[in-house]
Number of protein chains: 2
Amino acid sequence: MTTGARQAGDGTVAKALTVLDAVAEHGRPVRFSELLEESPYPKATLYRFVQVLTQQGMLSFDPERQTYAPGLRLVRLAHAAWQASSLAPIARPHLDRLSRETGETVHLAQLDGGQVLYVDKRNAREPVAMYSQAGKVGPAYCTGVGKAMLAHLPETELAPVLQQQSWHAFTGKTITTSDAMRHELSEIRARGHAFDDEEHEPGIICIAVPILTRSGRVLGAVSVTSTTARTDLDGLTRHLPALRAAVSAIAGEAQDWRFPDQAAE
Amino acid sequence: MTTGARQAGDGTVAKALTVLDAVAEHGRPVRFSELLEESPYPKATLYRFVQVLTQQGMLSFDPERQTYAPGLRLVRLAHAAWQASSLAPIARPHLDRLSRETGETVHLAQLDGGQVLYVDKRNAREPVAMYSQAGKVGPAYCTGVGKAMLAHLPETELAPVLQQQSWHAFTGKTITTSDAMRHELSEIRARGHAFDDEEHEPGIICIAVPILTRSGRVLGAVSVTSTTARTDLDGLTRHLPALRAAVSAIAGEAQDWRFPDQAAE
DNA sequence: AAACCAAGTTTCAAATAATGAAACTACATA
DNA sequence: TATGTAGTTTCATTATTTGAAACTTGGTTT
């Protein structure tokens, strides 16, 4: 095994994906020269990567502007990813109903690498959503869905995750230490649901419930979000029955469908 | 010496992406052996590809069941792609409005490699089971959005695309030859909008309008879909004003956003 | 108009990574 | 224990990638 300086020289595919990331991170069409500035690769090498990726549909090239953007092949792949590796397809009808019943914003999230990945979402007003809203990641330590999931992680998984958190104080109410979080998590465990009391964004509050397998393994979480202008934490608890109903329906179907028990790793 | 131009054997990256596609197409976690069966590559080679892709986060591996699924990095990239290179973010409010006004299913599509890629969708108030979801691909020659876009393709792009079509007769009304299609396309061009008269699915009809730049380049298309049980082609034309309004709004914003006259920001 | 410049594209020998048959391991089943 | 199946590793061979530099293109300055 090559320890020490692990250069990017350990795989052509890896390097090409680096370039893909670079384009994606811009969020706007990018010029070749812009990529070149940030790239560790020489002109000709980067040029070839960009050519291959474009030819493969992973990037799209606008010949008028001479700019590169993420390609439509990625959109296609996304559909598959969303279908296959998330709870979203199972949860869809239940989120729809929850959204109708509560009239509030609804989130479905899963835990990934210590972060919260929003896998699906219903807006307070719009009844239909796409995977477009998946792919957004957020902090685990200051969101309702994040804390709901952390509360049910076994210690061996929880410890490293807590270590990864940035503990940035987004608001005055953000929990910013591991110890405080462990206390909060035990309360959430006892209570069965988590709140986000403006810990991430001022004025935004939510109530969240974890999706668990029968054996207690965490699959994800669902939350109902509102604003302090419209209600308060107590007010949110009136959505609990609907929230619990949705979560247990999702858990039941997920169990049958795809997540037989036993933890990984 | 350049060997005879063979198929996709022209790059490691391309081959790896092929593997990605294979996993994505399954729509469920796949075993290594399943991939091996379909793969043109020998065991060791495929194994290395899968290893690299997993290590890179493009695939995720479930060690319990020894299965591969599309990975989280892919979800993130895909989100970026959807945001940056599709019309969806621009079109969103307009699709919402069109959906409200018509009460029917609304599709936003783009052309990708001779196929129709549905990049966004709004369901009808009465949901009808249908073959289309955001991120899915469909045939260009027998869908309203597909024909609307083909009608405005320059000849140099149209010819190869027509050659790629399968011309499978999904229904008795499907157009199944290039010549018939060229005639249909000229009618669509003259008329300004395309119909799908049960050419893809029995009972499903739609009206579609292309999204064009000022210079006439095709960006995408929007359609309003209904069923023969509820209306007919003439009936669909009453949605034309709303459809045109949505399309021209999208075209206008797309022009500003994606094709600015000056690089700014 | 000529000179210049910047961005993008191509070349080619050297360096490197990919290849794949076969051997090996792990685990399940007879 | 024997046998089969799925997954993993090895390593000499082969093909691909690499990147400095030269070249092209299109636009701007002198």
Side-chain angles (χ1 to χ4, degrees), chain A residues 1-20 22-23 26 28-56 58-69 260 262 264-265, chain B residues 1-20 22-23 26 28-56 58-69 71 259-265:
Chain A
M1 188 194 294
T2 314
T3 45
R6 187 183 302 172
Q7 293 215 350
D10 55 354
T12 320
V13 175
K15 293 178 206 169
L17 292 178
T18 292
V19 176
L20 246 196
V23 174
H26 272 82
R28 288 172 193 284
V30 204
R31 275 209 161 70
F32 174 72
S33 53
E34 296 180 76
L35 289 174
L36 185 57
E37 280 175 30
E38 313 158 7
S39 168
Y41 309 116
K43 219 182 192 182
T45 302
L46 181 67
Y47 182 73
R48 256 178 285 109
F49 277 139
V50 158
Q51 288 289 93
V52 169
L53 289 172
T54 301
Q55 199 187 331
Q56 291 297 315
M58 299 296 280
L59 291 179
S60 71
F61 179 66
D62 178 347
E64 291 176 29
R65 301 261 129 213
Q66 292 196 139
T67 54
Y68 296 89
Q262 281 291 12
E265 213 158 340
Chain B
M1 182 195 292
T2 315
T3 51
R6 212 41 61 202
Q7 37 171 331
D10 56 349
T12 319
V13 175
K15 292 177 206 167
L17 292 178
T18 291
V19 176
L20 243 196
V23 174
H26 272 83
R28 67 183 162 78
V30 205
R31 285 222 183 84
F32 173 72
S33 54
E34 296 180 76
L35 290 173
L36 185 58
E37 279 174 30
E38 314 157 7
S39 169
Y41 310 115
K43 218 183 192 182
T45 302
L46 180 67
Y47 182 73
R48 254 178 287 110
F49 277 140
V50 158
Q51 287 289 92
V52 169
L53 288 171
T54 301
Q55 200 186 333
Q56 292 297 316
M58 299 295 280
L59 292 178
S60 71
F61 179 64
D62 177 348
E64 271 306 302
R65 323 187 68 195
Q66 294 195 139
T67 54
Y68 296 89
F259 309 100
D261 287 334
Q262 278 286 59
E265 194 84 9

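Numbered from 1 within each chain, the chains take letters A, B, ... in sequence-line order. As the structure is a computational prediction, the values presented were derived from the model and not from experiment.
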If you round to the nearest 0.5 Å, how far is [atom2] of [Y] from [atom1] of [X]?
X	Y	atom1	atom2	answer
B:L20	A:M58	CG	CE	6.0 Å
A:K15	A:T45	NZ	OG1	8.0 Å
B:Q56	A:L17	CD	CG	5.5 Å

Set of side-chain hydrogen bond (donor to acceptor under 3.5 Å, both in side chains) partners for B:Q66, sequence neighbours left out:
none
Assess whether a salt bridge exists between A:E34 and A:R28, defined as any Lys/Arg side-chain N lying under 4.0 Å from an Asp/Glu carboxylate O.
no
Using whole Å, what does the distance between atom [atom2] of nucleotide [N] and atom [atom1] of [X] come to?
X	N	atom1	atom2	result
B:K15	D:dT16	NZ	C1'	8 Å
B:L46	C:dG20	CG	P	11 Å
B:Q55	D:dT8	CD	C1'	15 Å

With a cut-off of less than 4.0 Å, is there a side-chain N or O of B:T45 near OP1 or OP2 of C:dG20?
yes
According to a strict under-4.0 Å criterion, is B:T12 in side-chain N/O contact with OP1 or OP2 of C:dA17?
no
Aromatic rings A:F61 and A:Y68: how do their planes relate, parallel, tilted or perpendicular, breaks at 30° and 60°?
tilted
Between the two ends of the helix from C:dA1-D:dT30 to C:dA30-D:dT1, what is the bend in degrees, rounded to 10 degrees, where each end axis spans five pairs?
30°
From CA spacing to verdict: side chain to side chain contact (heavy atoms under 4.5 Å, CB included), B:F49, B:T12
CA-CA 9 Å; B:F49 277 140; B:T12 319; 3.8 Å; yes
Test side chain to side chain contact (heavy atoms under 4.5 Å, CB included) on B:L46 and B:F32 and set out the steps.
CA-CA 9 Å; B:L46 180 67; B:F32 173 72; 3.8 Å; yes
Nucleic acid footprint by protein, nucleotides 6-14 of chain C - heavy-atom cut-off 4.0 Å, B for base, S for sugar-phosphate alone:
--BBBB---
